[in-house]
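All values below come from the heavy atoms of this structure, side chains included, with hydrogens, waters and symmetry mates left out.
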Amino acid sequence: MRRPRTPLRMELPLILVLGVIWMSLWQSFDAGTFIIGLIYGTILVRVFYLPPLRGTGRINPVWGVVFLVRFLGKMVLASFEVSWIAVVKGPRVRNSLTSVQLRSHDDLLVTLTAHSLALVPGSVVIDVDRTTATLYLHVLNVADDADAERVRQDALATEALLIRVLGTRSDLAGVKAEKRLGRVAGLSKTEREAPVASQSADIRVLGRGGAGLSDMSGRTPRRKGKP
């Protein structure tokens, strides 16, 4: 059974991103390399079978420029930082495996976020949990929990920019709500480390109408002063 053909306009954002990724892989940011990336991206998207992508049909070029400037700036800064760490700390540098749960479960956004983080020197995506949209990063020069938290927030900031560029309207509304309320996605360090309440036989469930209480064993306890 032949799969339905996706309109080219729905795949255009992906082709453009593949063109940028091609330039990043070759570390050659010129028009010729970008055009070759677009050609290969078009062949990859239109000829080879890919899992169906919902796509949003929207792309914000202004936020696209913001993301690209930030991405290139991080690449340059991280290159100097990795060089400095290699010279000063060498084998004494401490690394970390850090998990980042993303906001969006859209396959395209998860993939773009993972590649955007992996292309920056000093960090590598070693695994992706598709069911929970969680990335597992190996990050250079992470000495404590505060450094790990900065890695998480940086990854979430990268995802937020990609959502503003071509995310779904629901994901975009979530990012705008975070901005308006002054909050960030995910659990805080305190919330992640909080122990889960144990489920003991003392847990009580309120009965219908509040008339009776029962414990986990199914027995109804007697009230004081009554038989």
Please set out all donor-acceptor pairs under 3.5 angstrom arising from side-chain atoms of residues 108-122, sequence neighbours excluded.
from	atom 1	to	atom 2	distance (Å)
Thr111	OG1	Asp107	O	2.8
Thr113	OG1	Leu109	O	2.7
Ser116	OG	Leu112	O	2.7

Going only through I, L, V, M, F, W and Y residues with side-chain contacts under 4.5 Å, is there a path from [X] to [Y]?
| X | Y | result |
| --- | --- | --- |
| Ile15 | Val65 | no |
| Ile39 | Leu12 | yes |
| Ile59 | Ile21 | yes |
| Leu166 | Val62 | no |
| Phe34 | Ile36 | no |

So how far is it from [X] [atom1] to [Y] [atom2], rounded to the nearest 0.5 Å?
| X | Y | atom1 | atom2 | result |
| --- | --- | --- | --- | --- |
| Glu149 | Arg152 | CD | CZ | 5.5 Å |
| Met75 | Leu77 | CE | CG | 12.0 Å |
| Thr98 | Leu137 | OG1 | CG | 6.5 Å |
| Asn60 | Leu162 | CG | CG | 12.0 Å |

Item to complete: Can you sort out the partners of Trp22 under ring-ring contact (aromatic ring centres under 6.0 Å, His included), two or more places apart, ordered by chain and number?
Response: Trp26, Tyr40

With sequence neighbours excluded, tell me which residues meet side-chain contact (heavy atoms from CB on, under 4.5 Å) with [X].
| X | value |
| --- | --- |
| Leu97 | Ile126, His138 |
| Thr134 | Ser99, Gln101, Asp129, Thr132, Tyr136 |
| Leu140 | Val82, Ile85, Val93, Asn95 |
| Phe29 | Met23, Ser24, Leu72 |

Response to the item:
Note: with side-chain heavy atoms under 4.5 Å as the link, the other cluster members for Phe80 come out as Val76

Worksheet entry | Residues that Lys179 engages under side-chain hydrogen bond (donor to acceptor under 3.5 Å, both in side chains), provided they are two or more places apart | none

Worksheet, complete the sentence: Across all chains, not counting sequence neighbours, the side-chain hydrogen bond (donor to acceptor under 3.5 Å, both in side chains) partners of Asp30 are Ser28, Thr33

Indicate the atoms forming the closest heavy-atom contact of [X] with [Y], along with that distance.
| X | Y | answer |
| --- | --- | --- |
| Asp171 | Ser104 | OD2-OG, 2.8 Å |
| Ala160 | Val175 | CB-CG1, 4.2 Å |
| Thr158 | Phe67 | CG2-CE1, 4.0 Å |
| Ala148 | Val142 | N-CG1, 3.6 Å |

Worksheet item: Does the side chain of Ile163 reach to within under 4.5 Å of the side chain of Arg103, using non-hydrogen atoms?
Response: yes

Worksheet item: Restricting to pairs with a member in residues 64-79, which pass salt bridge (charged side-chain N to carboxylate O under 4.0 Å, His left out), not counting sequence neighbours?
Response: Arg70-Asp154, Lys74-Asp154

Discussion item. Going by the rule salt bridge (Lys or Arg N to Asp or Glu O under 4.0 Å), which residues pair with Arg94 if we only count those two or more places apart in sequence or in a different chain?
Written reply: none

